[in-house]
Amino acid sequence: MASYVHIPAGELEGFVTRILLAAGAPAAEAARVSHHLVGANLAGHDSHGVVRVPRYVEWHAAGHIVSGRSVETVTDGGGFLLLDGGYGWGQVVAEQATRQAMARAHQHGACVMGLRNSAHLGRVGDYAEMAAAEGLISVHFVNVGGSVLVAPFGGVERRFSTAPFCVGVPLPGGPVVLDFATSLVAEGKVLVASNGGKALPDGALIAPDGALSADPRTLYGEYAPVGPRNPEKGLGAIRAFGEHKGSGLAFMCELLAGCLTGSPTSGPVTERGRIVNGMLSIHLSPKHFGDEAAFHAAAQSYLDWVRSCRPADADSPVLAPGEMEARRRAERLVSGVPLPEEAWANIRATAASLGVPAP
Ligand code: NAD
């Protein structure tokens, strides 16, 4: 059983900011990345939270993440935009890209934005929440170039990335945000499990002989309790979620976020070690589309009806997408961010290597 430390969100955010600064990120970028990572922990997505810090620091040192980058415009069609992130910190360039797309959607009613060559941009729901806060609907297809981890339906070899898909719908009572990896679990959840955190569901992984597994070693090979995890060392794969349907959605994420935007796909890599997110986002303004108040009323009443469904388990009410994250955020802002001891030791080891004292 893993034991956890609980760290107040503000303290953790300050610590991670100092680590990223010491690693060479400019102050505003360190603060933005740290805020996003702690935000993912607060939302309950520990896989996309501060557990990533040691890897980000390694990637930055190796030049795979580049500080000081701003998105550059490749194509500007008014209602559509293609932007290049130049391998900048993903949370920084994807935020810039999202802000540009939102401005266009406010102007034209809709915007299709492609972002290529972003470093790891983290929890995609963050960008949907950003749009929802401005009253915009958003749909995001994301892929991960250089990260082939997922076996397609019917296969035992890696072909897809964990390619996340996300939709956010703004409502007056809070947004509905569907945000998930198209793999049965996000790779970060394998990382968390390997660090003593929440165990993987049965059959999340598949071995080369087709045997189903929940052991992180299927993905990482043998590893020490504290230290790096390298998916290149494992022989197995994560399975795509939802059988042929989830596998098909992963395929579409690669085609739209990778091939269409000009970002690398999860296919054979030309540049080893560099993890690149591509994203195709569609932003829609309900105000331009029709009667915004009528949309809100219809959506709210539908949401209430769905949530009123009698639960199979009386202790687990039916939730709307995004509700779990809102609940976790409210809890963790009070109780602190829970981190497995091993994950916390890994982060402190990274801090120590950069001369940053731990809180
Ligand atoms: P997950 O399996 O926890 O699913 C999350 C989604 O399911 C959310 O929309 C949540 O509100 C909803 N949900 C959860 N419990 C629910 C319940 N009881 N009832 C109704 N809805 C419920 O998420 P995941 O697949 O592990 O993905 C985790 C995160 O990883 C996501 O934020 C994703 O964006 C991120 N990710 C990022 C990358 C990248 O390359 N940047 C790659 C993969 C995943």
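One-based numbering along the sequence shown. Both ligands and their constituent atoms are indexed starting at 1 by order of listing.
- Taking a cutoff of 4.0 Å between a charged side-chain nitrogen and a carboxylate oxygen, Asp126 and Arg329 do not qualify as a salt bridge.
- Classification of Glu29 and Arg32 as a salt-bridged pair fails, no side-chain N sitting under 4.0 Å from a carboxylate O.
- The residues Arg159 and Glu157 are annotated as salt-bridged, a charged nitrogen and a carboxylate oxygen being separated by less than 4.0 angstrom.
- Near ligand 1, heavy-atom contacts under 4.0 Å come from His45, His48, His120, Leu121, Gly122, Arg123, Val124, Val144, Thr162, Pro164, Val177, Leu178, Asp179, Phe180, Ala181, Ala186, Lys189, Asn277, Leu319, Pro321, Gly322, Met324, Glu325.
- A distance of 12.0 Å separates CD in Gln100 from OG in Ser281, rounded to the nearest 0.5 Å.
- Here the two rings, on Trp344 and Phe15, have centers that are under 6.0 Å apart.
- Each of Asn277, Thr261, Asp84 was compared with Asn117 under the side-chain hydrogen bond (donor to acceptor under 3.5 Å, both in side chains) criterion, and only Asp84 meets it.
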